[in-house]
Amino acid sequence: MIFKRLVVGPFASNCYIIGSESNKEGVIIDPGAEAEEILKNIKDLGLKTKFIVLTHGHIDHIGALKEVKDATGAEAAIHTDDAKSLNDHSLGRVFGLSYPPPPAPDRLLKDGDSIDFGNLHLLVLHTPGHSPGGICLLGEGVVFSGDTLFNYGIGRTDLPGGSYSQLMNSIHTKLMILPDNTIVYPGHGPDTTIGTERRGNPFLRGF
Ligand SMILES: [Zn+2]
Ligand SMILES: [Zn+2]
């Protein structure tokens, strides 16, 4: 698997570029900002971008969507329950950020969908709680966890549509059932593993 992590924008969001060695088809996860840097990396890796997948609709994960989509022609995919937040600029105003209006999504995702590129597959896990349409993406031995689970942290639940009980339920029923050696690539901060979080994440104690 071709893999590259970029840290972009004022919220230090992780944008992941992954690609198939077999035919160089690629996926961009969460183009939060810095479109030029993302596009440069796509070019350097020699990838044809098939999908741009958004773990959720918050500005720090979608800020460069329009520019990256315009430049690559890739399909934008987001969970149905976060699709409307693509056009909700209220959070951007709260954070004092502006960005090009994002395009309408090409593909609406639901739990259990598969994102296929080259010989790789990402399984969509619907993990509401941080936002209603938050998703994690499960690949072979890896999970991209968006703002649901972080290295020794969990997503905030005080933004519109957030729910602490939903978030905890999502983490326990969709993520903590994965093998301990599953590598977790979160939406912010360093990677971790399911086992490390199971043992040491202070927000998951007592379960
Ligand atoms: Zn978020
Ligand atoms: Zn975020």
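First listed ligand is number 1; within each ligand, the first listed atom is number 1.
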Those residues that, when tested against Lys110, pass salt bridge (Lys or Arg N to Asp or Glu O under 4.0 Å) (two or more places apart) = Asp113
key: Contacts of type salt bridge (Lys or Arg N to Asp or Glu O under 4.0 Å), residue Glu67, not counting sequence neighbours   = none
key: Listed partners of Lys50 passing side-chain contact (heavy atoms from CB on, under 4.5 Å), at least two apart   = Glu25, Phe117
query = How about Thr55 and Asp147: do any of their side-chain heavy atoms sit closer than 4.5 Å?
reply = no
message = Please determine whether the number of non-hydrogen atoms from other residues, nucleotides or ligands lying under 6.0 Å from atom NZ of Lys66 exceeds 12.
response = no
message = Quick check: His56 with His130 (ring centres under 6.0 Å apart)?
response = yes
query = What protein N/O/S atoms sit under 2.8 Å from the Zn ion (ligand 2), by chain and number?
reply =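 Only Asp60 OD2, His61 NE2, Asp147 OD2, His188 NE2 fall inside 2.8 Å of the Zn ion (ligand 2).
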